[in-house]
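As a basis for the values below, the full set of heavy atoms in this structure was taken, side chains included, without hydrogen atoms, waters or symmetry mates. This chain uses plain numbering: 1 for the first residue, then up along the sequence.
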Amino acid sequence: MATEAASTAPVDGSQIQDIVDEIYEKYRNVDDGAVATYIPELGKADPKDFAICLATVDGHVFKAGDIDKEFTIQSMCKPFAFQMALEQWGREKVLKHVGVEPSGDAFNSIELDPKSTRPFNPMINAGAIAIASLIKKDSVEAGIQAFVDRMSDAAGRQLRIDQDVLNSETLTGNRNRAIAYLMRNFGIIDEHVNESLHQYFAQCSLLVNTHDVAMMAATFANMGANPITGKRVFDFQVIKYVLTVMFTCGLYDYAGGWAYEVGLPAKSGVGGGIFGVVNRQL
């Protein structure tokens, strides 16, 4: 009975907001690390930008900092694309193209599983390109728009692609091209290599702010329905597979450390964002 009472207790919004504000103030001046520069356009990011947003499945939102500052989603797109592929093709078909094992290597490693010749998982670049190949459409722009529309539904507002970042990714993405052609050699992706890469680069170039990302995460947590609009965005029967792979692979070669220290399904991106999901909560 005590557990039931605790689960149905009203949210103390002021207390949660105080905690968010406290954490924001504690970490707002942290300046270690560096912005990503291997994609030149990302090097223009202001490292002082910082925001925190927490969205619950019952529609409460708590936020602090540069909440409306847009940045590109980058690798945080990968769980959502994986979700779309599973919905479209089913587990058996998708698992023929990408595994679900942690790689222990960097996100952009030019490496496939030596036993299966598949990418290790859909959270590293190789796996994400394989997933992009599955969800692209005969019209490249239609495939990109389908992804943008789904992410817009999850965020609760219309999103768009940053064309400057997309162009920068396309011009400098030779490592990803090498990964794609390696997979083409083993039949993991089809012959439309450039179209698969364009789908992937565009997905990574989606502009979001911290509130958008929190709402997208909360949509996962809310069994696939946006907590504010109520719109059903994702098939909740598939989400459990996505969250599992996020937990084991979402932080690349730090996935084990993250699981041990934090213990949440999560995904990071070189655009500066990171999100986590507490299933059916926030």
Nearest non-hydrogen partners of Asp162 and Asp164, listed with the distance: OD1-N, 3.0 Å

side-chain hydrogen bond (donor to acceptor under 3.5 Å, both in side chains) partners for Ser152, two or more places apart: Gln158

Do the ring planes of Phe220 and Phe80 sit parallel (below 30°), tilted (30 to 60°) or perpendicular (above 60°)? parallel

State plainly whether the residues Glu111 and Arg175 are in salt-bridge range, i.e. N to O under 4.0 Å. no

If you look at every heavy atom in Val94 and Ala85, which pair is closest and at what distance? CG2-O, 3.5 Å

Is there side-chain contact between Leu282 and Val57, with at least one heavy-atom pair below 4.5 Å? no

Can a donor-acceptor pair be found between the side chains of Glu87 and Gln83 at a distance below 3.5 Å? yes

Correct closest heavy-atom pair for Gln203 and Ile73 would be O-CG2, 3.2 Å

Given side chains that start at C-beta, do those of Trp258 and Ile274 come closer than 4.5 Å, heavy atoms only? yes

Quick one: does Arg91's side chain have a donor or acceptor within less than 3.5 Å of a partner on Val238's backbone? no

Are side-chain N/O atoms of Glu195 and Gln199 paired as donor and acceptor at under 3.5 Å? no

Before accepting this row, confirm whether a basic side-chain N of the pair Asp58/Arg280 lies closer than 4.0 Å to the acidic partner's carboxylate O. no

To check you understand the geometry: which heavy-atom pair defines the closest contact between Pro227 and Ala218, and what is its length? CG-CB, 3.7 Å

Does any non-hydrogen side-chain atom of Phe275 lie less than 4.5 Å from one of Pro79? yes

Looking at side-chain heavy atoms only, is the closest gap between Leu166 and Glu41 below 4.5 Å? no

Tell me whether the rings of Tyr252 and Phe107 are parallel (<30°), tilted (30 to 60°) or perpendicular (>60°). tilted

Do Cys204 and Glu169 touch side chain to side chain, with heavy atoms closer than 4.5 Å? yes

Among pairs that include at least one residue of residues 116-128, which meet side-chain hydrogen bond (donor to acceptor under 3.5 Å, both in side chains), considering only residues two or more places apart or in two chains? Lys78-Asn125, Ser116-Arg118, Asn125-Asn176, Asn125-Tyr200

So do the side chains of Leu207 and Leu159 get within less than 4.5 Å of each other, counting heavy atoms only? no

Polar side-chain atom of Asp66 near backbone of Lys69 as donor-acceptor pair, under 3.5 Å: no

Phe62 and His60 aromatic ring geometry - parallel, tilted or perpendicular at 30°/60° bounds: parallel

Quick one: pull up CD1 in Ile228 and NE2 in His211 and give me the separation to the nearest 0.5 Å. 6.5 Å

A side-chain contact here means heavy atoms from C-beta on lying under 4.5 Å apart; do Tyr254 and Glu261 qualify? yes

Does the gap between the ring centers of Phe50 and Tyr27 come in under 6.0 Å? no

Exam field: side chain His97 to backbone Ile188, donor-acceptor pair closer than 3.5 Å: yes

Return yes if a side-chain donor-acceptor contact under 3.5 Å exists between Glu141 and Ser139, otherwise no. no

Less than 3.5 Å apart, any donor N or O on the side chain of Gln145 or Asp149 sitting next to an acceptor on the other? yes

Should Pro122 and Val245 count as side-chain neighbours, where that means a heavy-atom distance under 4.5 Å? yes

Would the number of heavy atoms belonging to other residues, nucleotides or ligands and lying under 6.0 Å from CD of Gln15 be above 12? no

